[in-house]
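Every heavy atom of this structure was used, including side-chain atoms; hydrogens, water molecules and symmetry mates were not.
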Amino acid sequence: MSPTNYLITGASSGIGLELVRQLASIPGNAVYATVRKRGSSATGVDGISNISTTAEGSTITILEGIDVAEDDVGDLLVPQLNGLVIGVVVHNAGSLNGTRDVDSSNLMSEQKLSHITMDRMRSAFEVNTLGPLRVQKALLDSKLMRTTSDSSSGAAPVGKVAIISTGLGSIADNTSGGNYAYRASKAAVNMITKSLSCDLKDKGVSVRAIAPGFVATEFGP
């Protein structure tokens, strides 16, 4: 059985870091972890460099300088993959406010109706909504996502795409308001997920949004 190549975005802390840890514990997995920098954006602690690959044949490759909020993310990501065809992508990189330049002791008030700004809305959309689309387009345009139409795929399984979402992105479940930037940016990425699932269906690629529920991490700004 051929190894599975995983690409995890936003892997310096939280869910992304733990996904790298868990996937690397499975024999034969090749995990490619993207980070802006190795240190957590919240604490500065470098947790990803300390993950060991004890499973037979498993590897971790850390791809630094990858910021999903920037339009040139593909120009930086694709060369680091060096022609590698990805089997599974987890679009995990996300942010509550789209920036760490906020008062961390009062994060939620930043997104109340009385405080929300258009800059805050745009910042959240750049990371949470456009980030996954930028990365996914870069992979597809460079033929680095495994599909049924990719002649290099051979007998290997076709690709899978997971986008980390949240219940706060549900329109039907919103009964309390607030969190304008985060809610709207995640509702929008849910629609992107649906459109990707339609557009990539004929290529055999499975796409879905995943809401992990409440997880105690450093996630925030």
Side-chain angles (χ1 to χ4, degrees), residues 8-17 19 34-45 47 63-77 89-138 161-196 207-221:
I8 314 296
T9 68
S12 65
S13 64
I15 292 174
L17 181 63
L19 282 172
T34 81
V35 298
R36 285 177 292 175
K37 54 185 179 181
R38 295 189 182 219
S40 162
S41 60
T43 65
V45 173
L63 309 178
E64 297 184 73
I66 306 301
D67 188 346
V68 303
E70 297 294 332
D71 285 341
D72 66 351
V73 64
D75 296 335
L76 299 172
L77 174 62
V89 184
V90 181
H91 295 283
N92 167 75
S95 174
L96 184 62
N97 288 293
T99 176
R100 288 284 183 190
D101 188 23
V102 294
D103 179 4
S104 60
S105 66
N106 207 12
L107 294 177
M108 295 305 181
S109 68
E110 289 269 342
Q111 296 196 29
K112 290 182 178 179
L113 180 58
S114 56
H115 291 83
I116 191 67
T117 66
M118 298 308 104
D119 282 342
R120 181 67 66 244
M121 294 292 294
R122 279 186 285 267
S123 293
F125 266 78
E126 290 289 1
V127 179
N128 297 333
T129 309
L130 302 183
L133 185 59
R134 287 187 181 102
V135 172
Q136 195 60 50
K137 276 186 58 64
V161 177
I163 297 179
I164 302 300
S165 187
T166 172
L168 287 172
S170 168
I171 293 174
D173 195 47
N174 183 1
T175 60
S176 58
N179 293 310
Y180 279 83
Y182 188 59
R183 285 188 189 276
S185 63
K186 286 298 190 177
V189 84
N190 288 345
M191 184 57 76
I192 284 175
T193 304
K194 177 60 178 177
S195 289
L196 284 172
V207 185
R208 70 182 305 152
I210 299 174
F214 180 78
V215 183
T217 70
E218 296 169 359
F219 179 77

Any side-chain heavy atom of Pro212 sitting closer than 4.5 Å to one from Ile164? yes
Across all chains, not counting sequence neighbours, the side-chain contact (heavy atoms from CB on, under 4.5 Å) partners of Leu63 are Leu7, Tyr32, Thr34, Thr61, Ile66, Leu77, Gln80, Leu81
Could I get the full list of side chain to side chain donor-acceptor pair (under 3.5 Å) partners for Ser114, not counting sequence neighbours? none
Nearest non-hydrogen partners of Arg38 and Val35, listed with the distance: N-CG2, 4.0 Å
Side-chain donor or acceptor of Ser40 paired with backbone N/O of Ser13 under 3.5 Å: no
The salt bridge (charged side-chain N to carboxylate O under 4.0 Å, His left out) partners of Glu70 (sequence neighbours excluded) come to none
What pairs with Ile192 under side-chain contact (heavy atoms from CB on, under 4.5 Å), at least two apart in sequence or on another chain? Thr129, Leu133, Leu196
Which residues share a side-chain contact (heavy atoms from CB on, under 4.5 Å) with Ala184, sequence neighbours left out: Met121, Phe125
Quick one: which of Glu110, His115, Gln111 gives a side chain to side chain donor-acceptor pair (under 3.5 Å) with Arg120? Glu110
Applying salt bridge (charged side-chain N to carboxylate O under 4.0 Å, His left out) to Lys37 and not counting sequence neighbours gives none
Contacts of type side-chain contact (heavy atoms from CB on, under 4.5 Å), residue Arg208, not counting sequence neighbours: Ile210
Which heavy-atom pair separates Ala69 from Val127 by the least distance, and what is that distance? CB-CG2, 3.9 Å
Roughly how far, to the nearest 0.5 Å, is CG of Leu96 from OH of Tyr182? 7.0 Å
With Asn190 via side chain to side chain donor-acceptor pair (under 3.5 Å) - residues at least two apart: Ser165
Could you tell me whether a side-chain N or O of Asn128 sits under 3.5 Å from a main-chain N or O of Lys186, the two making a donor and an acceptor? no
Looking only at heavy atoms, which two atoms of Ala211 and Gly167 are closest? And how far apart? CB-N, 4.1 Å
Applying salt bridge (charged side-chain N to carboxylate O under 4.0 Å, His left out), name anything that partners Asp72, two or more places apart in sequence or on another chain. none
Locate the shortest heavy-atom distance separating Ala187 from Gly169; write the atom from each residue and the value. CB-O, 3.4 Å
Quick one, Arg183 and Ser176 - any side-chain contact, counting heavy atoms below 4.5 Å? yes
Nearest atoms (heavy-atom pairs only) where Pro132 meets Val189: CG-CG2, 3.9 Å
Atom pair OG1 (Thr193) and CD (Gln136), whose distance is rounded to the nearest 0.5 Å: 10.0 Å
Arg134: partners by salt bridge (charged side-chain N to carboxylate O under 4.0 Å, His left out), with sequence neighbours left out: Asp71, Glu126
Give the minimum heavy-atom separation between Ile8 and Gly16, together with the two atoms involved. CG2-O, 4.0 Å
